[in-house]
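These numbers come from a predicted model, not from an experiment. Counting starts at 1 for both ligands and their atoms, following the listed order. We number each residue from 1, following the sequence as shown.
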Amino acid sequence: MSRKKVIAGNWKMNNDLTESVKLVNELKEKLAAESVNCDVIICPPFTSLYEINKIVEGTDIKLGAQNMYFEENGAFTGQISASMLKSVGCQYVILGHSEPRSIFGETDELINKKIKKALSAGLLPVFCVGETLEEREKNITNDVIKRQIIEGLKNVSEEELEKIIIAYEPVWAIGTGKVASPQQAEDVHAFIRNLIKEKFSAAAADRIIIQYGGSVKPENAKELLGQKDIDGALVGGACLKADSFIGIMKGC
Ligand code: 13P
């Protein structure tokens, strides 16, 4: 099966409203003049979503958020619900990213609740997994990935899985300029695809999009995206400039 590649930009905590509008307008203009062979998602900060949705509506740029909480509403100061994200035009939501895992203590159990809630609300999760440098050096990468996938996808049905993108982001490669080698990434992607086959089915494994994230740039995108089990990229730093984000898309 040939899977269409998906390139997503995680803006992280960058760009106020004015900067966001400028970047997305530039991206929209430049993309209209290119033919790229992939799906494109951008995940700006919450405060820019409403305005950006108005700019990307009707284009091929899809909108996602960077996190959400699993409750519907109530006394959860500082949190954002799935329905709030839907109401400002989000189709996707990044869940399980290593920054909320490591900085804010998000657990596999919490991430699983968020994934279940996103699915029931009709949002498409971009579910991130990845090992730290210490875990890689201890040779427990596969164990860590397996635990994150099994726990994160607990009680997720095969039908629901069709709505999920998995992003493999080795923590040691995020924001460090130290990209995983195409073979290192491919090994973990193949491992994840096999896990999906065991837990769900061969058809589910064949269908699922598994993105790579961690220091992806135009210079290394083509080789990474050329690997058999790498179906796209989740891009941090390099998505903050329209030219480099598009440069990555051209690697598809
Ligand atoms: P960088 O591309 O800046 O390494 O970030 C990757 C990432 O965390 C995307 O979610």
Out of all atoms in ligand 1, which are within 4.0 Å of some heavy atom of Gly237? Include the element for each.
1 (P), 2 (O), 3 (O)
Are Cys252 and Ile7 packed together at the side-chain level, in the sense that at least one heavy-atom pair is separated by less than 4.5 angstrom?
yes
Run the numbers for me: atoms of ligand 1, each under 4.0 Å from some heavy atom of Ser215, listed by number.
1 (P), 2 (O), 4 (O)
Show which atoms of ligand 1 fall inside a sub-4.0 Å distance from at least one heavy-atom site of Leu234.
9 (C), 10 (O)
Show me which atoms of ligand 1 lie under 4.0 Å from any heavy atom of Gly175.
1 (P), 3 (O), 4 (O)
Tell me whether Gly236 has any N or O atom under 3.5 angstrom from an N or O of ligand 1.
yes
Check the angle between the aromatic planes of His189 and Tyr168 and answer parallel, tilted or perpendicular using the 30° and 60° thresholds.
perpendicular
What I'd like to find out is whether the side chain of Asn15 reaches to under 4.5 Å of the side chain of Ser48, using heavy atoms alone.
no
Would you please determine whether Lys12 falls within less than 4.0 Å of ligand 1 on a heavy-atom basis?
yes
Report yes if some N/O of Thr176 lies less than 3.5 Å from some N/O of ligand 1; otherwise report no.
no
Under 4.0 Å from any heavy atom of Ala173, which atoms of ligand 1 are there?
4 (O)
So, do Gln66 and His97 sit near enough that their side-chain heavy atoms are less than 4.5 Å apart?
no
Under 4.5 Å between any side-chain heavy atoms of Ile166 and Ile209, yes or no?
no
Please could you name the atoms of ligand 1 that Glu169 approaches to less than 4.0 Å, counting only its heavy atoms?
6 (C), 7 (C), 8 (O), 9 (C), 10 (O)
Do Ile164 and Leu153 come within less than 4.5 Å of each other through their side chains, counting heavy atoms only?
yes
A student checking ligand 1 against Gly214 at a 4.0 Å heavy-atom cut-off should list atoms 4 (O), 6 (C)
Min side-chain heavy-atom separation Glu151-Glu109 under 4.5 Å
no
